[in-house]
Structure formats: structure tokens, C-alpha cells
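Notes to accompany the following structure.
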Amino acid sequence: MSTGWRRRDFLTVFGGGMAGIALSPLPWKLLDDAAIWTQNWSWLPRLPRGEISTRYGRCTICPAGCGLRADIVNGQAFRLTGLPNDPIGGGTLCPLGIAGHHLRYHPARLRGPVEGGRIEEGGTGRDADARSLPLDEAIARLAGWINELQDVGASQTIAILDARPGRLLSEIYRRFSASLGAHYIPARTGGFSSDVLHAMGSAPLPTLGIDLAGIRTLLSFGAPVLDDWGAPSCANQFDRYAGSAGEGTTSSAALLIQVETRPSATAQRAGLWLRNAPGSECALALGLAHVIVHEGLYDRTGTAGQLLDGDGDARPSSGDPLNQGAAVGSSALCGYRELLAHYPPEQTAQLTGISSATIRDVARRFATAGPAVAIPGQDPGGGPLDPQAQQAIWNLNLLTGALDRRRGFVSRRALPLPQRLADAPGGAVTSLSHVPDGSLRMLIVDGALPDHALPWELLTRKLARHGARLVSLSPFRSGLARHAALRIPAPAPLEFWEEVPTPWDAPTATLAIAAPLAEPPRGALHPSALLERIAKLLGMPSPGGDADYLMLLRERAAAVFLTARGHVHRGRDGRRVPLDDYDSAEAFWQELAAGGCWIDDADKTVARLGPARRAFLDPSQPTSWDQGIASAPSAAGYPLTLMPFGPRSMAGEEALPPVMAKLYRESHLRSSPEDVHVHPETARRAGVEDGLPAWVETPAGKRRFQVQTDPAVHPAVIHIATGPAPASFGDLPQEEYPAVLELLSPNEKGVWRMTPARLRPVEC
Amino acid sequence: MKLASPDRPLIMRGVERTSLGRFLLWLVPWLALLAFGLYGAYLCLALGLNQTNLDNRFAFGLWIFLDLAVIALGAGAFFTGFLLYILRREELADLINSAVVVGFVCYSGAVVILMIDVGQPLRAWFTFWHPNVHSMLTEVTFCITCYLLVLFIEYIPIVLRNRRLRRIPAFLVFEFNLHKVMVVFAAVGTFLSFFHQGSLGGLYGVLQGRPFAFREGFAIWPTTFFLFILSAIAVGPAFLMLVTRLAEALTRKRLVHPRVYTLLGRISGWLLVSYVLLKSVDTLIWLNRTAPAVGFLGHDFYVHAAFGTWILFAEIVLFGLAPALMLLIPRVRQGRWAIVAALLACFGIALNRFVMTIQTLSLPSLPFDKLLLYWPSWQEMASFLAVIAYAVILFSLSYRYLPLYPRERELQADRDPDSVAPRAASRTTLAVGGAGAGTLPTSRR
Amino acid sequence: MSRHRGKLMFLGGLIAALAVGWLGLPIVLYETIDQPLQFSHATHTGDLLGMDCEACHTFDEAGRFCGVPGIALCATCHEEALGDSPAEQHLVEAFIHPNLEIPWLVYARQPDNVFFPHAAHTVLAEISCERCHGPHGHSDRLRPYQRNRISGYSRDIWGSNIAGIASAPWDGMKMGDCSRCHRQRGIVESCQDCHK
Amino acid sequence: MSRNTTHRVRYGMAIDIDRCTGCGACMVACAVENNVSVPPPPAGDRKGLTWIRVYRLHNERPYPESRTAYLPLLCQHCGHHTPCVSVCPQHATDIDPETGIVSQIPERCLGCRYCMAACPYHARYFTWWDPVWPAGMEEIFNPDVSPRMRGVVEKCNFCHGRRQVALQRAAAEGRRQIRDDEYRPACLEACPVGAIHFGNLDDPKQELYDLVHGERAFRLLERLGTEPKIYYLSSQPWVRRLLHNGIPASRRHPDGGRPDVAALRHQQVLARDPRAEERRRS
């Protein structure tokens, strides 16, 4: 073209081009692809693809050990559900268990040993301030520290705190500490404190269980019977056997009487809720006993009758296990009668804030509408009841003959030990309160998620003022691990072979095995293996009898198999199979490893509780009984009582699966540890407002909380959940949530249910 | 003689404009606001709507409320077009151009805000691809998009009438041809606008699950459909009056003939009266029949202190009946109080949109729920302020460089005969009249 | 010449654009990736071995189609090389001995939000594999995988023809293709039938 | 269009408020099952993602009259005038004619949230944040539920993924229908007290049928006419009074005794049981 390109030419070509493009698939195809692109953002996670299989196992996040079914994709569990008819879980899991497989991805999860960064040294307890170190080095470090103390003959300044006593691992801890000369301290389990039981009986008690099947009245002093997510608590048993008797529902014959200051879910749903004045459980129990004794409603044919009717002059037959105690009993019995004389219903009503008519009614109902059982509170956040209150509650059971019978407190046989451990049993058990203050220079804290909250002050009291070292075996860097100088993470729940020993309240022995559902991270080490290696380094005998943990578990299963008692709840279908039907220990083990649960036959031997039956005859410290009110150590200027609370296995500062945020942050279903619950009137008087921040001050310190008013809260009390707050899926939040545990000052008996406190508005 | 601004060649011949420096100075704060708002909008787009204080309960907030309000106020554009082109009220040719620009900034601003408001703006066009014809929002989307296109087309000839652009013959031809079909666009625009104003009302009126907003209606349209149309066309002229008055005040010039205001006031007044009447009837039916039928007693909606009956009174009487009556009284209409009346009316329509959007969502629908309140985040407010800034900037630019008020020169000449030669005035008027907003018989000499 | 100049210009633009749209687009839009291993379906399903599709492409106990089998299944026969083909050699050395899964590029892979129950189609509706997958099961070699650079999908989803005009029943696996067949068979449709 | 539907069902639920302990297992099970993300801490309960949310009901009285109950609230799968489905501009939400399940297709959703404004139950949730998961966690996603992106609405779909899997299993066994026990939503499966019942509302053979036709059953905001398919069961008078048909919070205690309230309440009784008037007269 000689003339060259003109503007018109460009336009023409462009026009043709446009027409051509319009006639080609280009615009539509690009539009379609762009549409698809906007529907598949590249940052969306991709779903796993692969074969899906099913495995049965046990949840080991809390000591309950509910049976679970895991749906697996590419070798990883993606869904956990309960096993039908499971004797523990009853067919479902709690929220923690449902999301248990997420714990592996918790932002506070440790993937290997870490040292330093602890709070005492100005650190934050987070990995950022800490130094990770190879596993071998961490083990050598720990062995070195133990060796130092051994060398100066200070082995007794070492202690191991077992978060979940009763496991085979606990046996290993005991044997390890015995050969080292260190303390073995079990954490508290539910029900009556072992200290109390120990104090009441001259000889060691057999293991106690509660048989709730078919009972008609359950008198609970603050036990979370209906709202504890844990299966082994009374909750499931009571619910299953007796049916929930919530108000307004067509209740079954069973009645739950809840004595509790806090408007807990159990209190709100109980057939009868007695809201007692804070700390008046002991007085109430004595007041009820007063009515029962006064009106002669006690069990006249049983022990109480023998003792009370005989006025101490019981005619003991030679075969009666009480024989020995009767002589001592007579004087003490007078003491008990005298004690009760101080608690007529009118007097008790003043102390407890419950009307005398109600006290009479409840006492009569308890004594006559049997089988009836009274159980002590075990709020996992609030800690145990005062020992004397426990004793008074124990006595109620004694009065109505709820001991040593079906539908009451029973003794149960212990789980057999593997042969190699049975030959040389573990060493002594020390209660935390018996460890001298300021004596510990090294505390090794077991890695299991604790069942109950533990105020940090309770431990610091026991630690030496200078140079005390805390070693955490927790798989997480939260909780007590924040104070640890060295953290050697154990595998997280569902990552290792673990056993589910008998729950504290089970009427018979049980055993279940949790098979791992995922591989632990490379840097995690099971405590049994850790102790084994340290023992080797220190030249000590092997605490596990030269067997690894899995082998020990198999041997325990074999030992159970040898008893030839009981039956197995099969995991996959919930059927009951007699133990005799298994032809080998291996077949039995396979069944257990597939979610099975062995349940012992009931122990038909009676009267095994023997010496403990005399407990009420022997009020150990008569002077303090006069009070009947376990008041908070009074302090001027602190008009309110702070009562912490928490759900079991979720009390404390351990890890919750982030998805639990649905229950805390994204709804107000569960109390956040950032909230303080008060009566609207209390809030008004303190000058604080619903939904706004306020200071909670105790003699131990002060922290900021969000006020939540609730007309059901006792006006003299403020409640704060001890529990952990769920983390986010991302990093841990920069600010630590306000842990009420650091505001608590446990008394000399190790009780922290009540702390004097006051509420102050936050100045703008 | 004033110094010629450097941009003098762009400014219409024969009109007086402030110096470029002062003009830029005027723009600076608005540009700053725009930049700030764009940053807020960027945050919302890049980080997501978590930047807002909207939540699951307040799914709609400040943006939707202001969108509805702005679109109602922008109704002046189509309604003026309708009066001028269809009903032949030629006086309105005085401000049809400015009405188009006002409409354009209102609608385009609203659409931009909507694009920030939706969670997946890149998928917004799916409505055209997979429309659910039963949804009021589909109707709104279609109508607003199409009407924005119409406004854009109506805006083009105004832009092309810029002094500089007119020199390009092709543009002149294009503009001329465009103008011949402008009536069609005005008719289409009117139709579309009636529909989407109505659909915006229907948006809430159809919400069966929200007894506070739900209204019975005719055929598929709830009464709010018609009330929204009526209120929008009633207030559109009032808003135009306000904008023009404001422009006159800022430029210290007379831009339209005073009788235009009288006309606007009269239209607005009559429409407002009928709106208030119908709204009252509708409210009575709703309180006594519609709401109780679904289990809610009328005054249950007004038990919360934040939204007591005062809001009903304010909406209907204070900001409805009062301005309507004021505009109906000729003496008031022609005096200074007309501005107050227009302001009240505009505020009234905004309050109505606020009640329909925010109050509806605030009130609990579940029996155990509480009243919830919401306060917009700075990102939300900033994004909206950006739209205000954009509107001011676009209007200012249009005023400076485009013949927004075709009679400006003439009116100026009337007042100040020395400044502009009569010959020039008549020539440009002819030019404007020939290719401008309709034939202007009144301006021909 | 100059009389037709305009028309020619227009035609030139038109043809160029058509070429871009019809021929150029597929080249630019798709990237071609070779399969990690050459596999001959024909060898396995042919006369010599005569294996069924189901021999390797199985359903699990929940009725879920398992897709392309894992390396373990290959290893049941190919623990050591059976023949002397280089592909088999590669299979044994690169995947079976180190026990690595083969990163196959699946031609028919649907996005994550699609739930496609094979069983409903093959068992209940008795549709043959070929209806959707074509004669893939008799192919002698694996053609290269073509990935859409914008959407990230396999080219098979849209179909081999850039205009989306199906040349065979199995050409194209977009939602429209599913729906067309469903409509022909009178299946009532809801989003949730196929979307998860 | 001919409908080759072999099995038309109307899935629904009955939730026993008197049994619910407020443990929250349903909420967690739902989130795990449906790959629901956890928004970062600023989210709170107003920007959360709880396809099923347990609300605490309180009679607002001090001890000893204080009473608490828990109300699990999920998408009510309205069967008539479904408020959300009718307003969605682009069919991103849909009611399945075969099952009555109201679904949400996040890939189609543009995030306009009109459906949320329309829903009187606040059972629809917007993903305000990009879903964040720690590295590797997508390996344990439920493969049967696609994750959602930021900026869309999501909600309960009766664990529809489980139905698909059940149908798939049935298909593999040559069945076109699923048995009643093959498809159960995750919340039901997780409930430790069996408060949640699920099934076909139209099947008189199922336990659910008796429950929803029993004395204790009612629905939330029933008078809105949206025919929700979730029924609630309670015998507790205060719960029934509180929840029964949309008496707003201000009227929780009908102590005020305004005549119009009484009239409305009477109307509501009639609406539920037209023969109540007869019985009262006789």
C-alpha cells in the first residue's frame, strides 16, 4: 500500500478485529474462566482426596476415655464420633473430644523440647523467648539436673506431679521416684479427697466407687452431676440410670438435690436446687444429720443403728469388722451427738440461708426415699470441698447406710498390674499438702491434660525460693508449662498408645486402650521413654522393667485376661462379650485396641470399707466444727467472695481446640475466663456495669474482667471461670487472658474454693 | 478585567468562573477526603468486610442506608427528565443538565459503594447470568445498572458541549444525533427509575420474616414499592432545589430563573402531601392488620427507647407533613423558608430509609433476643465520605467546564448588562438551544 | 484496489481476530504438562491381560469411588519389572522401590465443591465408563495433561473444542454437560445434588 | 419436566428444649463436620460462624425463681415463602424440592447478605474473614464438605454431605433410597442427651412424626407463615410462653396484662389449635 496507513484504516481493521473476536469463542471462554477463577480462590484450602477408612479407639484428652470412632482419610482422622452404647461415653463425645484431632494443630503445640522463656525470668512462656534444643540434649540436661541434686543428697527435693494418676505411667513415675528417693504427687481426682479418706481410716482404704444404678435420691454438694462434660463423673451414670429430672419435665422416680451456691447448669436443672450461702456445705450436712438423728430416720439395722441406738454400747460380735473400733467409738460418738446438737434446723438455716422447713424436708427425703447417696462437690475449677465438709457428707452416707451396698458407695477391685511391675510395686505416694513448703528444688509436671485446675500459688509455696526448676512434659506451651525452665513435650492426646484406667467413681474396675490416630511430631517423647532414658543415663534401674510402654500395656491386658472375670464392650458394635469368649490374651488385646472396654464383675465381697465406717464417730478436730462455715479467710475491705469454677478437663490453662471458640467467643454458651459473673444488685453497688470491664481485686492481686450480670448469682459472690480460653487457629493472641487462678490464695488445707474479693469499676 | 485563568479556553464563553487557583483550593479538601475514603475502601476490599462494624445481625448498615437515601435524592434526575421531556415542563430545561449530573453522581456513587459492600464484588455480575426473577434485588440490580448506563449516555452530550470538545466536528455530530434520541433515553430512564425506586422499597417490604418491614401489597409488590417511588419523586425536586440553591450561594450567582424553584416547590409539595397521606394509611394498616397477623403488636416495635414512637412522628409529621404543607403555601414556597422545607423533606426521606434499613435490623425478631445497635467503623464512614467528595468534585468540575445551567449567562446578563455583550449571549444561547437540553423557546430572543 | 481497500482491511482484521480467537487462544490458555509416567491402558485391558476397569478402579466399602489406584496396587504385579518397557522400568525404580505415590494428573478432576457419586451413575443408572471418560481405557499412552491457566482446571472439563462444542458424548464435563444428561433422563435437579 | 423422583421426603427436626443441657457438643460437631472456620478474636458472637448456635434462655427472675433453658438454633429450613431463597438475586441459595433442605452454594454467592436481612432466625452467617487454618490442617478436613471463601454467606444444610455419602453408599449397593438410620446430621449424632430428633416429617411411621404432632411441639415465629421444619419441644410453661410465636422480648412476662396482648395471645392459641375456642366454651 503506497499511501501508508491512515486513521481510518486502523479503525477499519479494529472494527474487523472486534467483529472477529465477537465471532470467536475468546470472550465467552475468558469470561467463563474468569468466573471460575473468582469461584476458586487459590488461597482456599483444598480438600483431602483419598481412601476413607474407619478405626475405633478411645479418647484420652480427659481421664474418662470415651469410646470413639474415627473416620480416616489418608491416614489422618478427620471426624471423631462416639461409639454406640459405650459404657463410658454412652454413645457420644464431649465437644473437646469431637474436636480432639484438632489439638495436634493447636498454636501452643510444642513440636520439640524447649528451654527458657519462663515467666519467672521475665519471659512470656512463649516459644519466641525460648530456645528449642535437640531431644538428646534436653534429656541430657534433665538428667544432669537430677544428677546435681543426687550428688548433694537432695533427692527428696525432687517431685513428680502426676496429672492423671492411676495409669501404668503413674506406676512408672512411682517406681522412678522411689528409686530416686523423690516425691510422687498425684493430682486430685474427683469425689472424696484421698487425704480425707486417709484421715478417717486408720488403714489404707480400698478403692471407692459409686453404684448409682437405681438410686432414688442423689444429694450432691456441688458436684456437676448434669453439666460436666466428662463421662466418668456421675453425670452420665445418673442421667442414664435415673433420667434427668429437670423441672417441668416428666421426671422419673429419681430426684437430684443439688446444694450449690453457683447457678450451674446442674443446679438449674436439678429437681431441687438448694442455694446455700458460700462455704456452708459442712453446716448443711450437719444440719441434715441433726434432723435424721433427731427424728430417728437413720439406718437402724446398719452400722449407724448399731452405734447410735446402742449409744456407744454396741454389742460387737466377734466377726464384725467394727469390733475393733467399737471401744474407741463410744467417746467419739458422744462427740458427734454433741456436735449435731449445735445444728438444729433453725440454727442451720441461719448459717446456710436455706429455710429450716426445707432442711427438714430434704433430710426426711434423703433418709426415707432411698436408696440415697450424698456426694461431695468436685468442681474442677473451684477445687475440693473443705475436708470437714467432706467428712460431714460422708457421715450422711453412713447414717443412711449408703456404704458397702449396691446403690451406694462400694469398694472395687484394683486393675491388675503387668507381671513385671507387680513383682516390685511403686513407691510411696505423697499428697501435695504434705510436701513441706519451700522444699522442692525440682518439679517434673506430667504432660497429660489435667483434670482440674491447680492454682499456681499452691505449687510455688512448695518450691524452694531460689533455683527451683520446673520441667514440663506437656505437649503444649500453655498452662504450667509457661513457668517451666525446660519443656520436653509428650505426644498430644490421640497420638500415642495410652490406657484408660478405671474412672474414680466406677463401681467396678475397667480397662480400655487408646490406639494412636496420628503420628506424634518428631521432637515429642512419651514420658515413659523419657524416664527410661534418664534412668539409663543415671545408672538407675529401669522404671518400666525394661519394657516399652506398649509392651507394658499389652502385659496389663494380659494380666486382666488372666483374671477371667468380666466382659468386654465391643467397640464396633457395642455388644457385650464375656471375657471367656476370647481364646487368647492377644485376641483380647486386639479387641481392646479396637475401642473395646473391659468391665470387671462387681465385687461381691462386702464390708471391705471397714475402718472408714467409723469416720463420723471421730471428728478429728472438734474445735473447728463449731463454726460449720468454711469461710474465706476474712480480710478487711473485701466484702465479696470469689468462687472460681470450671468444666472438667477444661479447667486451668491447658489447650482447647480452637474450634471451641464457637462455644466461647462466637456464642456465650460457655463462660469465658475473661468474664466475671455477678448479681445485678452487686454490680450496681460496686458501680460496675453489665458488659463493661471491671477490676477484681483479691489479697493476691487484681485483674480486669468483663462484667456479666446474672440475677441467679448469689449477691455476696462473684464467679469466674478458671478454664482456658480457646486459641485461634493462627498464632496465640499476644495478650494472655486474665487467669483467675493467679488471684486465688489456697488455704493451708489446699482449698481455694473461696477467696475474699472486691469489685472496682475501671476508671476511664 | 479579571486575569484570565490558564484553563480559560475550557470554560464556556461568556460565563464567569473563579480563578483556577481558587478552584483548585476548593478541590483540595475534597480530594483529601476522597483519598482518605479510598484508603478505607481499599481496606474493606483487600482485607474483607471485617473492617466494617457490620455483623451477622446488621447485615446491612450505613452503606445500604445511605445508598437508599442517595438514590432517592438522586431521583430528581429522572423525574426532571420525565417532567421536561414527557410532560413538557420546559422551565425545567434550566436545570436538566445539573439534574443529570446530580443523578449521575448519586447513582454512580451508590453503585461504587455497593461494590465495596458485597463480599465478592467480582461475582456481582452473576446476577445477570443467573438471575432469580423473584428477588427484588435482581430487579434493583438490573434497573440500577441500566439506568446508570442511561445517565451516562445523558451525561455524554453535556460533556461534549464543553467549549474545547465542541471544536471536534465528530463530537458535535455525535452529540447532535444523541440529542435527537434523548427523549427515548429519558423515557427509558423514567421507566427504569420508577422500577428500581420501587424495588428498593420492595427490598424491605417483601421481608416476610421481618414484621417491622413487611407490608402487604398489590400483585407482587408490597406497598413500600409504591411509597418509595412516591417519596423519591416527591423529594427529588426538593433536593435539586437544594443543590441549585447551594450552587447559587457558593458561586454567588443566579443560575436558574426563580420560577423554577416555584415549580419545583409546588411539585414537591403536592407529591409530598400525597406521599404522607398514603404513608399514613399504610402505617395504620400495617399496625392494625399486617403486623398482628404475624404475631407482633404494633407498638411492640416502639418499646425500645432508642426507637420510640417519636421516630414515627418525626418521619411522617415533622419531616413529611410539615415540609409538604410549607411547600404548598405559595408565600412560603417562594420565600426563604422553601429551603428549610426542602431540607426537612430531604431529611425525612433519609429518615424513612434509615427506619427501613437500620431500625428493621435493630429490632429483635426472636422472642428472646434483644435490641441491637451498631455504629459504623471509620472505614465505612470514610468510604462513604469518599463518595460525597467524589460527588462534590464531579459536580464542581462539571459546573466549571460544562453548561450545567444553560441560562446562567442569560440571567447574568440580565443582572449585569455590561459584562457580556448581548450579541454573544444570544448566539451561545442559540447554540445551546440547538444542541443543548431541548429547545428553549423561552430563552430565544 | 482502493475501492475495496476498506473491505479488505475489515476482512483482514476479521480473519486475524478469528485466528487469534479460535487458534491462538487454546495455545495461550492452556499449559501442557506431561504425565509423570507413561501408562498404557491398552496393555492392561487388551487381549493379553484382559483386565476390567474395576480391577484397578474400585469402590471402597462406603461406595466411594477410589479413583486412580495407589502405588500399592501397582506393586502387587510390578514388584519387579515384568517386561522390558522403559515406562515399567521407570515405575519400578522411581515409584515402587522408594514407595512413592505417582503424582498423576487427573484429566477428569472436578473442583472441590462438586460431589460426583460414581456409584449412582455406574451402578444405578448403568452408565458405562466410556460415556463420560471416552475410550480412555483403551488408550495406548497417556496424552499430555492440559491445564487452564486461568481457572486451573483440566482442559477435559471444558472439552477439547475451544468453543465448547462437543465432538463426542464424553467431550466436556462442565456443569452444563451434567445437567444436560440429567434433563434428558428426567432427573429433578437441585444444587445440592452435585454440590457439597 | 418429568420428575424421576423416587423418594420425596421432607426432612425436619424436633429439638427437646427440656433435655438440652447446653453442653455445646452440637456446635462443635457441626463446625468440625462442615469445615467451619474460626474467625480471629475480634469476631465475637456477632461476627461468628455458628451454623447451629445454642442460646441461653433465662426467665430473668432472681433465685429461687430463676430458670434457665437452652435453645439450639439452626437454619429452620422454612418450607413456605422461604425468606432467604426468595430474595437471593442469583440462586445461590436454593430449596431442594426432593428433600426440603435449604442449601447455600458459596461459589455462586456474591455476599450481598440480603438473605441474612431476610432471615428472622439469624441462622445465616457471613464469612467476614478469610478462613485461616494452621499449616497442614487441611489434611484433616471433612472431604465431603467444601470450604467457603471470605465474603460469602454460609449456613446449616442438615449436613448435606452426609446425605450425599449415604446416597452414594446406597447406590453402590444398588438402592435408590437411603434407610432412615443412614443419614443423621452431626449435631444429632453428638448430642449426649438425645435432645435432637431428625427424620422425614411426612412419614407417620417415624418417631419424629409423633413428636412434632404432640402436645409439646411448637415452632419459632410460627405465625410468620414460613413453615419452618424445625420443631421445638417443651413442657415448661415459661419456655413455651417465652418462645411461643413471637411475643417480643418486652413482653416476656404477660404481667402487664394489656388487653391487646391478651387478644394476641388468644389469637395465637387459636392459630395453633382452632378447636381451643370450642373446648373453652364447652
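Chain letters run A, B, ... following the sequence lines, proteins first, then strands; residues in each count from 1.
A distance of 5.5 Å separates OG of S135(B) from OH of Y114(D), quoted to the nearest 0.5 Å. With values rounded to the nearest 0.5 angstrom, T82(D) atom OG1 is found 10.0 Å from Q208(B) atom CD.
For P228(D), no part lies near chain B; criterion is any non-hydrogen pair under 4.5 Å. Both the backbone and the side chain of C112(D) come within less than 4.5 Å of a heavy atom of chain B. Contacts between L49(B) and chain D at a heavy-atom distance below 4.5 Å involve backbone atoms as well as side-chain atoms. When heavy atoms are compared at a cutoff of 4.5 Å, L207(B) approaches chain D solely by way of its side chain, counted from C-beta outward. At a 4.5 Å heavy-atom cutoff, the contact between T226(D) and chain B is made by side-chain atoms alone. No part of T360(B) comes within reach of chain D, as not one of its non-hydrogen atoms sits under 4.5 angstrom from that chain.
No side-chain donor-acceptor contact under 3.5 Å links R57(B) to the backbone of H122(D). Checked by atom type and distance alone, the side chain of R113(D) pairs as donor or acceptor with a backbone atom of A59(B) at under 3.5 Å. For N50(B) (side chain) and W128(D) (main-chain N/O), a donor-acceptor pair under 3.5 Å exists by modelled atom type. Checking side-chain atoms of R123(B) against main-chain N and O of C109(D) turns up a donor-acceptor pair under 3.5 Å. Remark: side-chain polar atoms of N56(B) are paired, donor with acceptor, to backbone N or O of F126(D) under 3.5 angstrom. A donor-acceptor pair is defined here as one N or O able to donate and one able to accept, closer than 3.5 Å; no such pair exists between the side chain of T127(B) and the backbone of Q90(D).
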Listing, residues 109-116 of chain B side-chain donor-acceptor contacts under 3.5 Å, not counting sequence neighbours, or none:
none

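Residues of residues 68-78 of chain D having a heavy atom under 4.5 Å from any heavy atom of chain B, listed by number: L71(D), L73(D). Heavy-atom neighbours of chain D within the stretch residues 192-205 of chain B, taken at a separation under 4.5 angstrom, comprise G202(B), L203(B), Y204(B). Residues of residues 151-158 of chain D that come closer than 4.5 Å to chain B, counting heavy atoms only, are G151(D), V152(D), ordered by residue number.
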